[in-house]
Q: 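One structure coming up, written as structure tokens, with questions to follow.
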Number of protein chains: 2
Amino acid sequence: MDASDEAIQALTAVPYFADVDAALVAMIAGQTIRQQYDTGQVVFLEGEQEVALYIVQQGWLKAVKMSPDGREQVLHFIGPGEVFNAIGVFVESTNPATVIALEPTILWLIPQKVILKLLDDYPELARVVIQRLAGRVQQLIAMVEDLSLRTIESRLARYLIDQSTAEQLQRPRWATQAELANRLGTVPDVLNRALRSLAKEQLIRVERHQIQILDYNGLEAKAGSDK
Amino acid sequence: MDASDEAIQALTAVPYFADVDAALVAMIAGQTIRQQYDTGQVVFLEGEQEVALYIVQQGWLKAVKMSPDGREQVLHFIGPGEVFNAIGVFVESTNPATVIALEPTILWLIPQKVILKLLDDYPELARVVIQRLAGRVQQLIAMVEDLSLRTIESRLARYLIDQSTAEQLQRPRWATQAELANRLGTVPDVLNRALRSLAKEQLIRVERHQIQILDYNGLEAKAGSDK
DNA sequence: CATCAAACTCGACAAAAGTCAAGGAATGCG
DNA sequence: CGCATTCCTTGACTTTTGTCGAGTTTGATG
């Protein structure tokens with residue numbers, strides 16, 4: 001598989017291009033730029049003016065806001081098949097967040113001009129972009145609600161329920177308690193305290209790389225409460 | 001001025017229709033529904049499936065998340081010339097927030113079908129929608145940062161700077177300290193404390209319906225800090 | 001103009017979250 | 001395999017924010 005095939009594969013995994021015909025996808029693939037990042041490397045910083053659209057082929061990243069004293073708020077985790085920096089493409093503004101690789105990562109960049117031309121040629125693409133942005137709005141509103149109106153324990157319960165499959169949450173290496181704490185708007189110590197509390201009440205079992213939900217209904221009650 | 005002229009006037013005040021020709025605006029105006037709300041009335045509740053696009057002709061509203069114990073987080077205030085419920089139009093989902101009138105309000109509703117048809121006929125509209133949604137994403141990211149990484153006092157300082165004109169912030173009747181506290185993610189008592197603190201340091205002067213910035217640089221330092 | 005409800009003020013106290021320090025466990029690297 | 005680094009755990013203490021109760025001021029209404 002050469003670079004172009006690799007790019008085509010990455011692009012076709014993404015809803016943005018679902019309705020774009022194969023010949024055009026191939027042409028766009030020829031205009032993309034492949035980039036690799038190691039664990040911990042910054043893709044771009046908040047405040048810069050990065051305008052390309054990014055596609056994740058491999059690896060996980062985090063979009064974060066940082067405070068002067070070193071705290072982080074993870075806005076979201078970004079994995080394979082996902083697109084990021086739509087804001088940078090469509091709005092003339094600085095990037096609202098910093099994006100950092102959580103593990104070795106392969107990205108494909110599509111230049112802004114290419115995307116904007118594509119938007120003109122494929123009105124259906126606009127529909128997809130609108131829907132993805134609307135999804136981002138909804139996710140951020142939920143986060144605002146969490147941060148403002150709910151306790152850490154309640155946020156954790158909700159997160160465990162949302163992210164679990166068959167009542168289990170696998171934690172890849174990069175998904176440390178520190179990252180999870182940053183996602184929930186707190187610090188590792190407080191997260192650990194909340195995990196302990198839920199475990200003590202037999203709602204979950206905590207292992208290093210896995211959290212098991214023992215009492216789904218009990219956990220849902222915690223998630224639904226503001227306490 | 002009859003109802004149709006009134007609707008046309010409301011629509012032409014909105015960026016969504018800036019590039020739509022006058023005849024079509026007039027036609028859309030003919031399909032809009034006029035609604036009035038009194039102070040405190042709910043336009044729609046979080047969890048409902050309201051799909052129309054709303055235009056504000058007159059009056060102010062707030063979009064809020066509410067907690068079971070009665071706390072509110074104001075997501076944003078919506079005033080004349082603004083559009084809301086784009087999410088409801090473009091995504092098949094329940095409304096993420098409750099919208100309530102803060103004072104007597106006149107709205108115009110555009111049915112979903114009309115908007116979606118317009119989107120097909122006017123690709124430039126998609127660009128506008130995308131840009132407005134992107135703006136909402138940016139605003140919500142800033143709110144997440146406030147709630148997670150900054151103290152109440154720092155949030156207040158930032159808010160005062162952003163919302164003031166010529167170093168003054170007028171507070172209309174509906175903009176009580178309670179509403180402002182809900183916007184900043186806290187309770188009126190804590191907001192009052194923060195106002196007092198800034199006033200004690202001669203950074204601002206607080207009157208019932210106006211806040212004057214006395215030391216812009218000092219306030220900016222507070223806004224830029226995480227303390 | 002008088003009354004009443006809403007808004008604001010303020011201090012005491014409580015709760016939630018953050019900081020710090022120390023020790024133990026797990027993982028990665030040479 | 002041993003060592004160093006990272007991650008996790010835990011309790012004590014501190015800070016920030018929220019709750020409560022009482023009193024004062026303002027603005028709307030009849």
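Lettering of chains follows the sequences in order, A, B, ..., and the numbering in each one begins at 1. The basis for the numbers below is simple: all heavy atoms, side chains too, and nothing from hydrogens, waters or symmetry mates. As the structure is a computational prediction, the values presented were derived from the model and not from experiment.
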Q: Given axes from five pairs at either end, by how many degrees does the helix from dC1(C)-dG30(D) to dG30(C)-dC1(D) bend, rounded to 10°?
A: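 The angle, to the nearest 10 degrees, is 50°.
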Q: Which atoms of nucleotides 8-10 of chain D (N or O only) lie under 3.5 Å from a protein N or O atom, and what are those distances?
A:
unit_1  : atom_1 : unit_2    : atom_2 : d
dC8(D)  : OP1    : Arg171(A) : NH1    : 3.3
dC8(D)  : OP1    : Gln177(A) : N      : 3.4
dC8(D)  : OP2    : Gln177(A) : N      : 2.9
dT9(D)  : OP2    : Gln177(A) : OE1    : 3.2
dT9(D)  : OP2    : Gln177(A) : NE2    : 2.7
dT9(D)  : OP2    : Asn192(A) : ND2    : 2.2
dT9(D)  : O5'    : Asn192(A) : ND2    : 3.2
dT10(D) : OP2    : Arg196(A) : NE     : 3.3
dT10(D) : O4     : Asp189(A) : OD2    : 3.0

Q: Measure from CG on Asn182(B) to C1' on dA7(C) and round the result to the nearest Å.
A: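 After rounding, the gap between these two atoms is 14 Å.
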Q: Taking atom C1' of dT17(D) as reference, at what distance in whole Å does atom CG of Leu149(A) sit?
A: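 Interatomic distance, CG of Leu149(A) to C1' of dT17(D): 14 Å.
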Q: Distance check needed: dT19(D) P versus Asp69(B) CG, whole Å only.
A: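 In whole Å, dT19(D) P and Asp69(B) CG are 7 Å from each other.
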Q: In whole Å, I'd like the distance from the CD atom of Glu207(A) to the C1' atom of dC7(D).
A: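 Rounded to the whole Å, the gap is 16 Å.
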Q: Taking Ser164(A) for its side chain and Leu160(A) for its backbone only, find out whether a donor-acceptor pair lies under 3.5 Å.
A: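 Yes.
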Q: Apply side-chain hydrogen bond (donor to acceptor under 3.5 Å, both in side chains) to Glu50(A) and list each qualifying residue two or more places apart in sequence or on a separate chain.
A: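 Glu50(A): side-chain hydrogen bond (donor to acceptor under 3.5 Å, both in side chains) contacts with Tyr54(A).
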Q: Could you state the atom-to-atom distance from CG of Leu102(A) to C1' of dC7(D) in whole Å?
A: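 Checked: the CG to C1' distance equals 15 Å.
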Q: Can you tell me how far P of dA17(C) sits from CZ of Arg150(A), to the nearest Å?
A: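 Answer to the nearest Å: 12 Å.
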Q: Name all residues meeting the side-chain hydrogen bond (donor to acceptor under 3.5 Å, both in side chains) criterion together with Asp215(B); count only those two or more places apart in sequence or in a different chain, and write none if there are none.
A: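 Residues passing side-chain hydrogen bond (donor to acceptor under 3.5 Å, both in side chains) with Asp215(B): none at all.
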Q: Glu207(A): what forms a side chain to side chain contact (heavy atoms under 4.5 Å, CB included) with it, not counting sequence neighbours?
A: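 So Glu207(A) forms a side chain to side chain contact (heavy atoms under 4.5 Å, CB included) with Arg205(A), Gln210(A).
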Q: Do other residues, nucleotides or ligands put more than 12 heavy atoms under 6.0 Å from the CZ atom of Arg132(A)?
A: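 It does not: Arg132(A) CZ has 12 such atoms or fewer within range.
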Q: Between dT19(D), dT17(D), dT27(C), which nucleotide gets closest to the side-chain atoms of Arg173(A)?
A: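 Selected nucleotide (nearest to the side chain): dT27(C).
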Q: Does the pair Leu214(A) and Leu219(A) meet the rule for a side chain to side chain contact (heavy atoms under 4.5 Å, CB included), with working shown?
A: CA-CA 9 Å; Leu214(A) 300 180; Leu219(A) 199 63; over 6 Å; no
Q: Check whether any side-chain N or O of His209(B) sits under 4.0 Å from OP1 or OP2 of dA7(C), and answer yes or no.
A: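 Checking His209(B) against dA7(C): no side-chain N or O falls below 4.0 Å of OP1 or OP2.
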Q: Output the rounded distance in Å from CZ (Arg71(A)) to C1' (dT16(D)).
A: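 Result: 12 Å.
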Q: Compare all side-chain heavy atoms of Gln170(B) with those of Gln168(B) and state whether any distance is below 4.5 angstrom.
A: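 Touching, per the 4.5 Å side-chain cut-off.
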Q: Could you go step by step and tell me if His76(B) and Met143(B) meet the side chain to side chain contact (heavy atoms under 4.5 Å, CB included) rule?
A: CA-CA 10 Å; His76(B) 65 300; Met143(B) 188 175 274; over 6 Å; no
Q: With Glu48(B), which residues qualify under salt bridge (charged side-chain N to carboxylate O under 4.0 Å, His left out), at least two apart?
A: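 Per chain and number, Glu48(B) pairs via salt bridge (charged side-chain N to carboxylate O under 4.0 Å, His left out) with no residue.
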Q: Tell me the interatomic distance from Leu184(B), atom CG, to dG18(D), atom P, rounded to whole angstroms.
A: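 My rounded result for the distance is 11 Å.
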